[in-house]
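Shown next, in structure tokens, is the structure this report addresses.
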Amino acid sequence: NLEQKVEVIGNDELTNLAHAFNMMSTKLFQVDQQRKEFVANVSHELRTPLSAIKLLSESLMYEEKTAVETYREFLKDIVLEVNRLDKIIESLLALVDIDKGKLELNYEITYVNYLLEKLIHSLKPIAEQKKISIDFICSEKIQIELDRIKIQQALTNIIHNAIKYTPEGGKVDILLYSENDSVTIKVKDNGIGIPKESLPHIFERFYRVDKARARSTGGTGLGLSISKQIIELHQGEIEVTSEVDRGTVFYVRLPKNISIRS
Ligand code: ADP
């Protein structure tokens, strides 16, 4: 048991030490609990697609005279589950990378406009499949220092979600504007929205509002936790407001100056 406590008596240096020890002990205990929970979640998330693959392939194996179409259908499902496993592992590696590279952001002076234009362009084909229009509005060129690859990853997750959780024919508006000390990227969709009780949890690892729906959209529940960590590594912040059946708005705020960051 990690949570060792010592009795606190009096009000001298020893007592302060005892207090410090107890606080450290509680923190260690919490970290250990989180680690255990994370390992349990990872195992569960990996096992779900694996079980499906097992079931699908075994039923093909033991079925006599399977029609070619059935084969194809089952194989298609197997490929879907394999892709899912691949995505989970990719996200897990991204998390490991973030944890490892906490102090190693590769800051480069970047036009946020161009970065956004580029990543919107790469998401356009997915949006077009659902006839979702993406509008990007920005009235000025905004240049700040950031880690391009990481911020691109963070924003892609958010904009991809806006597309994923918006029904056909919907709309995603992206706004970039500058305030005194910060730059804000606002991503607004008119999609399914997030229930109030789920809002505090959406940045947690593996949290999904609707597991069944997330599975069909290929969600892993890791995207937003990765985005949040990346944004916070940049000393920025992320906020969300949402209304069920009306839509969701994400605000990403990044500081403009290095002096603000340090
Ligand atoms: P996922 O891979 O499941 O999309 P995320 O970590 O990116 O995982 O998001 C966590 C959950 O938050 C999603 O499963 C979804 O329920 C909810 N969510 C995120 N973005 C939106 C959005 N724009 N509209 C509605 N729900 C969203």
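Every number for a ligand or one of its atoms is a count from 1 in the order of the listing. All values derive from a computational prediction rather than experimental measurement. In this chain, numbering begins with 1 at the start of the sequence shown.
At least one heavy atom of Asp189 sits closer than 4.0 Å to an atom of ligand 1. Note on ligand 1: Gly193 sits in its first shell, one or more heavy atoms being nearer than 4.0 Å.
Looking at ligand 1, you'll find an N or O of Gly221 within less than 3.5 Å of one of its N or O atoms. Inclusion of Val209 in the set of residues having an N or O under 3.5 Å from an N or O of ligand 1 is warranted.
The pair Glu239-Arg253 meets the salt-bridge criterion, since a charged nitrogen lies less than 4.0 angstrom from a carboxylate oxygen.
At least one donor-acceptor pair under 3.5 Å links the side chain of Asn190 to the backbone N or O of Lys171. Here the side chain of Lys130 pairs a donor or acceptor atom with the backbone of Thr166 at under 3.5 angstrom.
The residue from Thr248, Asp210, Ile194 that puts a heavy atom closest to atom 18 (N) of ligand 1 is Ile194. Among Thr166, Asn161, Val244, the residue whose heavy atom lies closest to atom 19 (C) of ligand 1 is Asn161. Atom 14 (O) of ligand 1 has its nearest heavy-atom neighbour, among Lys164, Arg208, His160, in Arg208.
Smallest separation of non-hydrogen atoms from Val240 and Phe203: CG1-CE1, 4.0 Å.
Residue-ligand proximity, Thr220 to ligand 1, at heavy-atom distances under 4.0 Å covers atoms 1 (P), 2 (O), 3 (O). Each of the atoms 5 (P), 6 (O), 7 (O) of ligand 1 lies under 4.0 Å from some heavy atom of Gly223. Remark: ligand 1 atoms within the under-4.0 Å shell around heavy atoms of Ile202 are 10 (C), 12 (O). For ligand 1, the atoms sitting less than 4.0 Å from at least one non-hydrogen atom of Tyr207 are 10 (C), 11 (C), numbered in the order shown with element in parentheses.
Interatomic distance, His234 NE2 to Ile151 CD1, rounded to the nearest 0.5 Å: 4.0 Å.
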Does Tyr207 form a side chain to side chain donor-acceptor pair (under 3.5 Å) with Ser198? I'd like the steps, not just the answer. CA-CA 9 Å; Tyr207 183 85; Ser198 298; 3.0 Å; yes
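Tracing side-chain contacts under 4.5 Å through hydrophobic residues (I, L, V, M, F, W, Y), one reaches Phe250 starting from Leu123; they form part of the same cluster.
If you run side-chain contact (heavy atoms from CB on, under 4.5 Å) between Val252 and each of Leu176, Ile230, Ile158, Thr184, only Ile158 comes through.
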